[in-house]
Amino acid sequence: EKKMKRVVFVGDSKTVLMTAEMSMKPLIEKGEVELLTYENPVQLLEDVESGKLKYDLLISDINMPQMNGLEMAKKLKQTESVKLKPILALTTENATEKKQLAREIGLTGWITKPFTPDKLLMAVKRVLRIR
C-alpha cells in the first residue's frame, strides 16, 4: 500500500494557484498526490511549527506580501519535522541572485515563471519520484 504524497503550494496569486491545481489534476485523480494550498506563508509556518501540517513537497512563490518565500523556506529548513523535505521555488527567468540564495538555503530547485501545467507536473513527478 503506497502512501499518497502531500504537496503544499504557497502563493498569493489566484492564477498561479489555479495553474498548480490544473497541473496536479492527473496525479490527484490517480490518488498519487493530495494538494493543499496556502495563500499566506506565515500561516503555513505556524501550521508546520504546531505540528498541524506535514508535507512531502512544498512549492512556493517567492514574492508574497506577508513574507518572502525564501525566508519562509529558510525557517522550514530549520524545522525538525520538515527540514529534509524538498522545496521548489517559483521564480522569474532572470532571478539569478534569488536562485543562488535558494541554493544556499537548501532548496531542491525552482520552476521558472510563467510555467505551463506540463512543466510543473514534470517537476513534481521528478522530485517525488512518481513514474
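Computed from a predicted model, the values in this text were never measured in an experiment.
- Between Leu107 and Lys99 the shortest side-chain heavy-atom distance does not fall below 4.5 Å.
- Looking only at side-chain heavy atoms (C-beta outward), Leu76 and Met72 come within less than 4.5 Å of each other.
- Contact of the Lys85 side chain with the Leu58 side chain is not registered, since no non-hydrogen atoms from C-beta on lie closer than 4.5 Å.
- Within a 6.0 Å radius of NZ in Lys77, more than 12 heavy atoms belonging to other residues, nucleotides or ligands are found.
- For Leu120 against Ala20, the heavy-atom pair with the smallest separation is CD2-CA, 3.6 Å.
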So Glu49 and Lys75, salt bridge (charged side-chain N to carboxylate O under 4.0 Å, His left out) or not? Walk me through it. CA-CA 10 Å; Glu49 283 162 6; Lys75 289 204 163 75; over 6 Å; no
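- Closest approach of Pro117 to Met22, counting heavy atoms only: CG-CE, 3.6 Å.
- The pair Glu39-Lys14 counts as a salt bridge, with a side-chain nitrogen and a carboxylate oxygen less than 4.0 angstrom apart.
- Tracing side-chain contacts under 4.5 Å through hydrophobic residues (I, L, V, M, F, W, Y), one never reaches Val33 starting from Leu53; they form parts of separate clusters.
- Two residues are said to be in side-chain contact when any heavy atoms from C-beta on lie closer than 4.5 Å; Ser60 and Leu90 fail this criterion.
- Both Val16 and Leu57 are part of a single hydrophobic cluster, where members link through side-chain heavy atoms under 4.5 Å apart.
- With values rounded to the nearest 0.5 angstrom, Asn63 atom CG is found 8.5 Å from Asp12 atom CG.
- For the pair Val48/Tyr55, a side-chain contact is recorded, criterion being any heavy-atom separation below 4.5 Å from C-beta on.
- At distances below 3.5 Å, at least one donor-acceptor pair connects side-chain atoms of Thr116 with backbone N or O atoms of Lys119.
- In this structure, Leu36 and Val7 have side chains that are not in contact, with every pair of non-hydrogen atoms separated by 4.5 Å or more.
- For the pair Glu32 and Lys125, the minimum side-chain heavy-atom distance is 4.5 Å or more.
- Scanning all heavy atoms of the two residues, the minimum distance from Leu70 to Ile105 falls at O-CD1, 3.4 Å.
- In this structure, Met24 and Ile59 have side chains that are in contact, with non-hydrogen atoms separated by less than 4.5 Å.
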